[in-house]
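A quick write-up on the structure given underneath.
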Amino acid sequence: MFDIKWISANPEAFDAALKTRGMEPVSKSLVALDDERRAVVAELNAVQEKRNASSKLIGQAKAQKDEARAQELMAEVGGLKDRLGELEAREKALTEDIRAALSVIPNMPAEGVPVGADESENVPYFRANESDATRPAKPNLGFTAKEHYELGEAMGGMDFETAAKLSGSRFVVLKGQLARLERAIGQFMIDLHVDAHGYTEVVPPYLVRDEALFGTNQLPKFEEDLFFTPHGEGRLALIPTAEVPLTNFVRESILTEDELPLRFTALTPCFRSEAGSAGRDTRGMLRQHQFNKVEMVSITTPDKSAEEHERMLACAEEVLKRLGIHYRVMQLCTGDMGFGARRTYDIEAWLPGQDTYREISSVSVCGDFQARRMDARYRDENGKPQFVHTLNGSGVAVGRALIAVMENYQNEDGSVSIPDVLRPYMGGIEKIGG
RNA sequence: GGAGAGAUGGCCGAGUGGUCGAAGGCGCACGCCUGGAAAGUGUGUAGGCGGGGAACCGUCUCGAGGGUUCGAAUCCCUCUCUCUCCGCCA
C-alpha cells in the first residue's frame, strides 16, 4: 500500500509508475481526497480542543461547587456536539475512502525493472560471471522425453482419475515411491534452507483470517483465487502460499534493528482456486488446487532489501543446482509482476517432456508495501519507527520440482533415476518405476 | 460445547466519571558519583494524525468497534483474543 503523503509529494512519479503497470493516472483524485481529509481533521482538532478546554473548566467549577457556572459552561459546550459528530463522520469516511482506493493500487516497480506489457517482455537475468554454462546442463536423454504424467501414470504412482472421484479436477493422488519422492523433495529443500541458508523453520497455521490476507495483498483484490471455509460468524482462508502466515508474523509490531533480518521458511500445502486459469495446464499436476511448497520469507531494513533479494534468489537457485536441473532466471517486466512486488525474479526449470521452461520459483521484494498493510515496523538508529521491507520467494514449489525431477531424470524404460541429493531421503534407492 | 476470570505503556502493575497518556516499580538511555565497576542519585523514556523550517503546539489512542455524558481507562452494548475448570477429541 502506498503512503498518501508520498503520493501528494510525488504525483508525477506515482502516475508514471502506474503507467508501467498499464494503469490510468489516479494521483489527482487521491490528492484531492487527502486535501479534503486534512482540512476536516484540522477543523475537528480545533473543535475538540475547544470542547476539552470547556470540560476542564466544568470540572473545576463542579469541584468549587459553583453549580451556576458549571451549568452555563455545559450549555455552551453542548452546542459543539452536532458539529463534532459531523466532522468525525466525515473524517472517518474520507480516511476509509482513501484506504479503499490505495488498497487496490499495485506497488511501484523498482529502478531498472524492464518495462513491458506481459511475460513475453521478461528478460533473462544473469549475475556477473554467470551464464547458462554455470548452471546445470540440460539432460542428454537420447530418446523422446515423456511428460511427467505419462511417466507417473505408467508407474502407477500418479492417479488423476481417483483424485477426480474424490475432489474433482486439478487434484492428484500420489502413491508409493512417487509419494515418497514428493516428500523427499520437500524434506531436502527445507533442510537446505535451514542448514545451509540460515532460515528458521516454521510450521504455521494453514488457515488464516482476512486481516492476514490483506497484509500480503491477497485481499481485497484477489479474493476469487482463494478457498474459504466458514468459521463461527466469519470465515478463514486456506493459505494460497506460506508467504501469508510467515510475512504476517511481524504484523502490528515494532522490531528492534538487531533482530533483522528475520528469515523464515516453511514447507506447507497451498490452496488456490485457479479461478482465472480455467482451461490452462489442465493435464498433469502442473497447476493444482492443492500443492506443497517450500517458502522463504525475509524481513529486513530498507537498506538491506535489495541485497537480501539477490541472496534469496541464490538460495532458491541452489535447490536446482543441487538437484542438477537446468533452469533459467527471468526478471519479470512491469506488466507481469505481481501486485505487491517491486522486483521479481522467476526461476524456470527446464522440462524435457514439455520441451520448455516452466516457472518453479518466484522471488520478490516488496519494499514497504506489505509492511504498511500490516503495520510492521522497526526502530531505526534514531529510535524512530520505520516500516520494514518484506521479501518472499518459493524455494521451491514441491509439486513442480517433482515434475522437473521426473522429466529430467527419466530413463528410456520409463523409470526415473533419483538425484544423488535425494537418495538419503529415499532409503538409498537409485531409481523408481520402470 | 458448558461455566468462570481477564486484556492498561518495552515489561510488571495502580487506577470505578473530572486537568489521566495514565501513580509506582522494573528495564532502557544519558548525566552525577567512582581509580573502574556495583550500589546510590538526577533526568528522560509510546504510537498515529493535523499544523510548523524547527523548537513545539493541538488532537486521537488504556484489546477492537459502537453508545451514554459537557467530560470515559473508569458506565452500557457488540466483537476479538488470553487464561482456568468441566465435557469432547487427533
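Worth saying up front: this structure is predicted, and the values here are computed from it rather than measured. We name chains A, B, ... by the order of the sequence lines, and we start the count at 1 in each one.
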Assert yes or no for the condition that the ring centre distance of A:F14 to A:F2 is strictly below 6.0 Å. yes
Using a distance-only test with no angle check, is there a side-chain donor-acceptor pair under 3.5 angstrom linking A:T390 and A:Q370? yes
Is the shortest side-chain heavy-atom distance between A:F369 and A:R342 below 4.5 Å? no
Across all strands, who's sitting opposite B:A22 as a Watson-Crick or G-U wobble pair, both distances under 3.5 Å? none
A:R99 CZ to B:G48 P, straight-line distance once rounded to whole Å: 16 Å
State which residue, out of A:E317, A:H309, A:E310, fulfils the side chain to side chain donor-acceptor pair (under 3.5 Å) condition with A:Y345. A:E310
Looking at B:G71, B:U80, B:G47, which one has an atom nearest to any side-chain atom of A:P385? B:G47
Looking at the rings of A:Y206 and A:F271, which for Trp means the six-membered one, are their centres under 6.0 Å apart? no
Where each residue is assigned the nucleotide of RNA chain B containing its nearest heavy atom, which of A:A75 and A:E91 is assigned the position nearer the 5′ end? A:E91
Determine the Euclidean distance between corresponding C1' atoms of B:U19 and B:U78; express it in Å to zero decimal places. 32 Å
Could you tell me the separation between the CG atom of A:L73 and the P atom of B:U19, rounded to a whole number of Å? 16 Å
Just checking, any donor-acceptor pair under 3.5 angstrom between side chains of A:S364 and A:N392? no
Which base sits across from B:C75 as a Watson-Crick or G-U pair, both distances under 3.5 Å? B:G67
Nearest to the side chain of A:I254, heavy atoms from C-beta on, is which of B:C49, B:G47, B:C70? B:G47
Can you tell me, in whole Å, how much space there is between the C1' of B:G10 and that of B:A3? 35 Å
Identified pairing partner of B:G40, criterion: Watson-Crick or G-U wobble below 3.5 Å: B:C32
What string of B, S and - do you get for nucleotides 57-65 of chain B, 5' to 3', when a contact is any protein heavy atom under 4.0 Å? -BSS-----
Under a 3.5 Å limit for both distances, which nucleotide forms a Watson-Crick or G-U wobble pair with B:A5, could you say? B:U82
Here the distance between atom C1' of B:G50 and atom CG of A:D34, to the nearest Å, is 11 Å
Inter-nucleotide P distance (B:C79, B:U16), Å rounded: 27 Å
In whole Å, what separates the P atom of B:A73 from that of B:C20? 12 Å
Nucleotide opposite B:G27 in a Watson-Crick or G-U pair, distances under 3.5 Å: B:U45
Do A:F228 and A:L238 come close enough that some side-chain heavy atom pair is under 4.5 Å? no
Looking at residues at least two apart in the chain, or sitting in another chain, which of them share a ring pair (Phe, Tyr, Trp, His ring centres under 6.0 Å) with A:Y425? none
Given atom CG of A:L236 and atom P of B:U80, what is their separation to the nearest angstrom? 12 Å
Under a 3.5 Å cut-off for both contacts, is B:C88 paired Watson-Crick or G-U wobble with anything, and if yes, with which nucleotide? none
How many Å lie between CG on A:D210 and P on B:C79, as a whole number? 18 Å
Under 4.0 Å between any heavy atoms, over every strand shown, what does A:K384 touch: base, sugar-phosphate, or nothing? Just pick one. nothing
Does a side-chain N or O from A:K81 land closer than 4.0 Å to OP1 or OP2 of B:U69, or not? yes
Have a look at A:Q60 and say if it touches a base, only the backbone sugar-phosphate, or nothing, with a 4.0 Å heavy-atom cut-off. base
Is the shortest side-chain N to carboxylate O distance from A:D34 to A:R38 below 4.0 Å? yes
Whether over 12 other heavy atoms sit under 6.0 Å from A:K50 NZ: no
Is A:I58 touching bases, backbone alone, or none of the nucleic acid, heavy atoms closer than 4.0 Å? base
Is any side-chain nitrogen or oxygen of A:R377 closer than 4.0 Å to OP1 or OP2 of B:G47? no
Looking only at atom P, what distance separates B:A64 and B:A54, rounded to whole Å? 30 Å
Could you work out the separation of B:U69 and B:G18 based on their C1' atoms and round it to a whole Å? 12 Å
Interatomic distance where CE belongs to A:M74 and P belongs to B:G18 [whole Å]: 15 Å
Rounded distance in Å between the P positions of B:G67 and B:C62: 15 Å
Euclidean distance, atom CZ of residue A:R38 to atom C1' of B:G51 [Å, nearest integer]: 10 Å
Rounded to the nearest angstrom, tell me the gap between atom CD in A:E67 and atom P in B:G18. 15 Å
If the cut-off is 4.0 Å, is A:K56 near the phosphate of B:G71, judged by side-chain N/O to OP1 or OP2? no
Separation of the C1' atoms in B:C81 and B:C32, to the nearest angstrom: 46 Å
Should A:R379 be listed as having a side-chain N or O under 4.0 Å from OP1 or OP2 of B:G47? yes
